[in-house]
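Notes for the one structure printed next.
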Amino acid sequence: MMQEENLIRLLQKGDENSFRFVYDQNQKTVINICYRFVGDRETAEDLTQDVFIEVFRSVKHFRKDAKLSTWIYRIATSKSIDYIRSRKSKKRFAFLTSINDDEKIRNSLPAPGNLNPEKKLTDKETKEILFKTINSLPENQRIAFTLSKYDELSYKEIAEIMETTLASVESLIHRAKKNLEKKLFKYYKKII
């Protein structure tokens, strides 16, 4: 595996093999990031191509103030958010753009194995409720929470991607958890 500094130098010189290496190492992760934001596999794949075009075009200006993978995450997050904003001006941010996309995301969440049908139905309903509740969070809370819980990034990595401070990320995730707790409590209180 190439050392990152050498890899960046080669990328900045326009070395195609280095770019292919970066693409191969990061493509699946970028598709997953985009998919979690837009909820549609085809759109996520298109955005992934846009991300790597941006990486190729912008690498000469890469300041090395973050890891290359973090920089690519930042581009993927930005491209996904830009796509959503352009697609849905009424809602500032949404993971899903249609009922079909909503179903795809729900089905992509891992289901516990060997459950009886009643348990599977309950788990599906729980996923739907959780997903809708996460979707209702304010944009920055939703981004920070998603990157933390779904992508399992550290707070430091999230701060770099969101171009904010570590304290801001901690605060966003704390507020997201509190908001989720309140919204879920209200929901379950209604049905009990």
Side-chain angles (χ1 to χ4, degrees), residues 26 29-48 50-51 54 58 65-67 69-110 123-192:
N26 295 281
T29 302
V30 170
I31 286 175
N32 287 334
I33 291 169
C34 295
Y35 183 71
R36 275 190 273 285
F37 284 107
V38 301
D40 177 72
R41 189 73 181 177
E42 191 173 310
T43 303
E45 289 171 355
D46 290 345
L47 285 170
T48 298
D50 291 346
V51 168
E54 181 71 23
S58 302
D65 55 350
K67 288 176 21 181
S69 59
T70 301
W71 181 64
I72 293 169
Y73 259 67
R74 187 181 303 151
I75 293 170
T77 302
S78 295
K79 291 280 184 193
S80 299
I81 292 168
D82 290 347
Y83 171 81
I84 290 167
R85 284 181 178 153
S86 70
R87 187 107 194 266
K88 286 202 156 201
S89 59
K90 288 183 184 177
K91 290 185 179 180
R92 292 189 67 219
F93 184 83
F95 286 128
L96 303 175
T97 57
S98 74
I99 293 169
N100 287 338
D101 292 342
D102 192 18
E103 190 62 32
K104 288 178 191 174
I105 287 287
R106 277 189 229 109
N107 291 337
S108 75
L109 296 171
D123 287 346
K124 183 178 179 185
E125 290 170 356
T126 301
K127 286 179 194 176
E128 287 179 18
I129 293 162
L130 182 60
F131 189 80
K132 286 179 182 176
T133 307
I134 291 170
N135 196 34
S136 72
L137 291 172
E139 179 177 313
N140 283 339
Q141 289 179 26
R142 189 176 317 149
I143 293 168
F145 184 82
T146 301
L147 292 173
S148 173
K149 299 303 174 193
Y150 289 105
D151 293 321
E152 299 177 353
L153 297 179
S154 70
Y155 285 10
K156 182 181 179 203
E157 290 170 316
I158 295 167
E160 290 172 1
I161 290 166
M162 294 182 71
E163 297 178 329
T164 190
T165 65
L166 191 59
S168 292
V169 170
E170 290 170 352
S171 176
L172 286 168
I173 292 173
H174 176 75
R175 288 195 320 260
K177 288 177 180 177
K178 288 293 180 192
N179 283 335
L180 287 171
E181 186 179 307
K182 284 180 201 170
K183 290 174 187 240
L184 290 170
F185 179 77
K186 284 179 186 176
Y187 174 81
Y188 283 109
K189 191 174 179 180
K190 284 180 194 175
I191 62 172
I192 291 177

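Computed from heavy atoms alone, side chains included, the values below leave out hydrogens, waters and symmetry copies.
- For the pair Gln141 (side chain) and Pro138 (backbone), a donor-acceptor distance under 3.5 Å is absent.
- The closest donor-acceptor contact from the side chain of Thr146 to the backbone of Arg142 lies under 3.5 Å.
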Chi angles and distances behind the side-chain contact (heavy atoms from CB on, under 4.5 Å) call for Ile158, Ile173: CA-CA 10 Å; Ile158 295 167; Ile173 292 173; 4.1 Å; yes
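- Ala159 pairs by the side chain to side chain contact (heavy atoms under 4.5 Å, CB included) definition with Val169, not counting sequence neighbours.
- Under the 4.5 Å side-chain criterion, counting only non-hydrogen atoms from C-beta, Ile134 is not in contact with Lys149.
- Using a 4.5 Å heavy-atom threshold, the side chains of Arg41 and Ile31 count as touching.
- Listed by chain and residue number, Lys178 satisfy the side chain to side chain contact (heavy atoms under 4.5 Å, CB included) test with Glu181 (two or more places apart in sequence, or in another chain).
- When side chains are defined from C-beta on, Asp50 does not count as touching Tyr83, because their heavy atoms never get closer than 4.5 Å.
- For the pair Thr133 (side chain) and Ile129 (backbone), a donor-acceptor distance under 3.5 Å is present.
- The side-chain contact (heavy atoms from CB on, under 4.5 Å) test with Ile33 singles out one residue from Leu153, Asn26, Thr77, and that residue is Thr77.
- Under the salt bridge (charged side-chain N to carboxylate O under 4.0 Å, His left out) criterion, the residue pairs touching residues 72-84 are Glu54-Lys79, Arg74-Glu163, with sequence neighbours excluded.
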Worked verdict on Lys183 versus Lys132 for side-chain contact (heavy atoms from CB on, under 4.5 Å): CA-CA 10 Å; Lys183 290 174 187 240; Lys132 286 179 182 176; over 6 Å; no
